[in-house]
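To start, the structure itself, in structure tokens.
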Amino acid sequence: MFYKTLKTWVVASMAITPLVSHAQQTYAEQLGWPKGAKVVIFHVDDPGMSYSSNQGTIKSVEQGVATSCSIMFPCPWSASFVNYILKSNPNLDAGVHLTLTSEWRDYRWTPLAGFQNVPSLVDKEGNMWHEVAQVVKNGTADDVEKEIRAQVERALRMGLKPTHLDSHMGTLFAHQPFLERYIKVGAEYGIPVMFPGGNNKLLRECQLHPVIKKLKAEGKWKEGMQLPDPELLKMTGPVGRKIWSLGLPVLDDLHTISGDWKPETSNPTPDEWGKYKAQKFIETLDAMQPGLAMFIIHSSDITDAFKHISSSGGSRYADMLSMMSPELKAHIQSKGIILTTWREVMERRKKVK
């Protein structure tokens with residue numbers, strides 16, 4: 001669900017933001033990596049959501065190739081995960097997974113700013129809205145800014161200095177005023193905001209994935225069929241340049257759909273599903289263009305309790321197993337792919353004049 005930005009602000013950004021002098025370079029090159037290098041952040045979303053999410057994230061970074069994560073601070077297991085960082089893994093690359101939706105049926109959470117203080121962001125029960133579209137329809141930019149600031153401040157109050165900000169379910173990218181406030185808050189705090197402003201080859205494939213899936217289901221898909229570029233891709237360049245001009249780093253590409261990867265065989269075992277995802281990551285790494293790319297995953301070490309939260313446990317467990325795959329690790333090493341973190345990316349950005 002990454003997602004929909006609006007043209008108005010982008011056009012304004014193009015008017016006021018000059019093109020960088022290294023227009024033909026990737027952002028990875030501008031950040032000091034060699035020309036032609038593939039630089040990757042394997043990013044675990046959703047620690048803090050549950051005990052399972054925390055354990056999956058920990059295993060993915062301690063025993064696997066994952067290099068970064070972002071925490072859902074409105075959720076009850078966020079404090080536990082921050083304590084793990086402070087006590088056991090202080091160098092872990094951890095950001096704030098800015099959360100404006102509470103998507104599950106029975107497991108719900110409320111805004112950190114207080115539901116009375118951000119009334120446009122909550123349903124009749126005082127919980128965050130279930131869906132992105134509901135936030136866009138009802139939410140005000142002022143309430144959004146108030147809530148995302150509260151989440152950043154919660155992290156800081158707990159002793160965590162976030163390495164980056166990103167958006168749960170892409171809500172902050174779904175509406176121009178929300179995107180503006182996201183970038184504004186990141187710039188004011190000096191914290192990188194996740195945004196893909198480069199070649200976006202993988203993002204294009206991710207954006208077209210549901211379209212192709214629908215065409216296949218309708219029997220209308222033909223191999224080699226040309227589809228128009230999503231509107232989003234016309235806007236990422238100018239927005240990326242705007243973010244760069246504010247002294248923050250920008251991604252060259254973003255991959256978002258590993259949650260949809262599943263073997264075609266019926267009822268795959270966890271091991272089969274994990275190996276399938278690892279192979280898909282290998283293929284995607286081979287297909288990506290040089291530059292700095294982030295791969296979003298949702299690792300969870302599933303417990304019996306998780307089934308009462310979501311039916312996505314099988315996919316999330318397979319994400320964790322894929323991150324721990326010896327074959328994926330060996331492929332990364334053999335191809336010379338560089339793994340990095342948001343902390344390193346920002347340190348490199350500070351050195352760029």
Side-chain angles (χ1 to χ4, degrees), residues 1-13 45-50 53 70-79 95-158 162 164-189 191-195 231-232 235-236 239 242-243 246 248 256 296 298 309-310:
M1 286 180 285
F2 184 101
Y3 331 99
K4 174 185 170 189
T5 50
L6 303 187
K7 290 183 178 179
T8 306
W9 185 63
V10 173
V11 171
S13 296
D45 285 13
D46 295 359
M49 187 183 78
S50 67
S53 305
S70 57
I71 305 165
M72 297 177 70
F73 277 92
C75 299
W77 278 91
S78 58
V96 180
H97 199 42
L98 296 168
T99 302
L100 296 172
T101 52
S102 178
E103 63 271 26
W104 308 120
R105 185 184 67 183
D106 297 318
Y107 176 47
R108 310 298 307 285
W109 45 83
T110 61
L112 289 186
F115 67 88
Q116 305 97 326
N117 298 320
V118 285
S120 71
L121 301 185
V122 297
D123 61 17
K124 62 182 180 181
E125 297 177 349
N127 296 311
M128 289 181 175
W129 296 106
H130 278 94
E131 300 175 359
V132 174
Q134 293 174 308
V135 186
V136 172
K137 179 181 178 180
N138 297 285
T140 68
D142 286 344
D143 280 358
V144 166
E145 182 176 341
K146 187 180 297 184
E147 175 59 20
I148 63 177
R149 285 183 183 275
Q151 293 180 27
V152 174
E153 287 296 328
R154 175 73 189 281
L156 295 171
R157 188 182 183 94
M158 293 185 70
H164 62 289
L165 307 177
D166 60 18
S167 178
H168 181 56
M169 296 178 67
T171 310
L172 292 167
F173 308 104
H175 190 37
Q176 171 203 348
F178 299 173
L179 178 63
E180 291 178 0
R181 301 303 178 95
Y182 169 65
I183 296 171
K184 173 187 175 184
V185 170
E188 288 186 8
Y189 280 95
I191 301 174
V193 292
M194 189 280 289
F195 193 85
E231 284 296 310
L232 169 68
M235 308 172 188
T236 53
V239 175
K242 177 64 178 178
I243 293 170
L246 294 171
L248 301 178
T256 66
I296 294 175
H298 296 85
I309 297 176
S310 166

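For the ring-ring contact (aromatic ring centres under 6.0 Å, His included) test, no residue two or more places apart in sequence or in another chain qualifies with H298. Every residue two or more places apart in sequence or in another chain that forms a ring-ring contact (aromatic ring centres under 6.0 Å, His included) with F178 is listed here: H175. For K137, there are no salt bridge (Lys or Arg N to Asp or Glu O under 4.0 Å) partners two or more places apart in sequence or in a different chain. A113 pairs by the side chain to side chain contact (heavy atoms under 4.5 Å, CB included) definition with V118, K146, E147, A150, not counting sequence neighbours. Taking T140 as the reference, S120, D142, D143 meet the side chain to side chain contact (heavy atoms under 4.5 Å, CB included) condition, with sequence neighbours excluded. Qualifying side chain to side chain contact (heavy atoms under 4.5 Å, CB included) partners for A79, counting only residues two or more places apart in sequence or in other chains: R154, M158. Every residue meeting the salt bridge (Lys or Arg N to Asp or Glu O under 4.0 Å) condition with D46, not counting sequence neighbours, appears here in chain and number order: R316. Y107 meets the ring-ring contact (aromatic ring centres under 6.0 Å, His included) test with W109; sequence neighbours excluded. Every residue two or more places apart in sequence or in another chain that forms a salt bridge (Lys or Arg N to Asp or Glu O under 4.0 Å) with E188 is listed here: R149. Not a single ring-ring contact (aromatic ring centres under 6.0 Å, His included) links W129 to another residue, sequence neighbours left out. Qualifying side chain to side chain donor-acceptor pair (under 3.5 Å) partners for S78, counting only residues two or more places apart in sequence or in other chains: none.
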| Yes or no on side chain to side chain contact (heavy atoms under 4.5 Å, CB included) for D166 and L98, after CA distance, side-chain angles and deciding distance? | CA-CA 6 Å; D166 60 18; L98 296 168; 5.9 Å; no
| task | Using the side chain to side chain contact (heavy atoms under 4.5 Å, CB included) rule, take E145 and V185 through it: C-alpha gap first, then chi angles, then the decisive distance, then the call. | result | CA-CA 8 Å; E145 182 176 341; V185 170; 4.0 Å; yes
| message | If you apply the rule side chain to side chain contact (heavy atoms under 4.5 Å, CB included), what do you find for Y189 with K184, and how did you get there? | response | CA-CA 9 Å; Y189 280 95; K184 173 187 175 184; over 6 Å; no
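With hydrogens and angles disregarded, a donor-acceptor distance shorter than 3.5 Å links the side chain of Y182 to the backbone of M194. Using a distance-only test at 3.5 Å, with no hydrogens or angles considered, a donor-acceptor pair links the side chain of S167 to the main chain of L172.
Within the model, atoms CD1 of I309 and OG of S53 stand 6.5 Å from one another, a figure rounded to the nearest 0.5 Å. Atom CZ of F115 and atom CG of L121 lie 13.0 Å apart (nearest 0.5 Å). Annotation: the span from I296 atom CD1 to D45 atom CG amounts to 5.0 Å, rounded to 0.5 Å. Here CG of L248 is found 11.0 Å from NZ of K242. Values are rounded to the nearest 0.5 Å. Here the straight-line distance linking atom SG of C75 with atom CE of M128 works out to 8.0 Å at 0.5 Å rounding. Separation of atoms CG (L100) and NE2 (H168) is listed at 9.5 Å; rounding is to 0.5 Å.
With contacts defined as side-chain heavy-atom distances shorter than 4.5 Å, the pair L246/I183 qualifies. Contact check for I71 versus V96: no side-chain heavy atoms found under the 4.5 Å cut-off. The shortest side-chain heavy-atom distance between M49 and W104 falls under the 4.5 Å cut-off.
Of the candidates T99, V135, T101, T101 is the only one forming a side chain to side chain contact (heavy atoms under 4.5 Å, CB included) with M169.
For S70 and H97, the side-chain atoms include at least one donor-acceptor pair closer than 3.5 Å.
Applying the salt bridge (charged side-chain N to carboxylate O under 4.0 Å, His left out) test to pairs two or more places apart or on separate chains, those with a residue in residues 98-116 are R108-D123, R108-E125.
In plain terms, the two heavy atoms of L165 and G186 that are nearest each other are CD1-CA, 3.9 Å. The minimum heavy-atom distance between G126 and P111, with the atom names listed, is O-CD, 3.9 Å.
Ring geometry for F173 against F195 counts as tilted: the plane angle lies between 30° and 60°, on a 0 to 90° scale.
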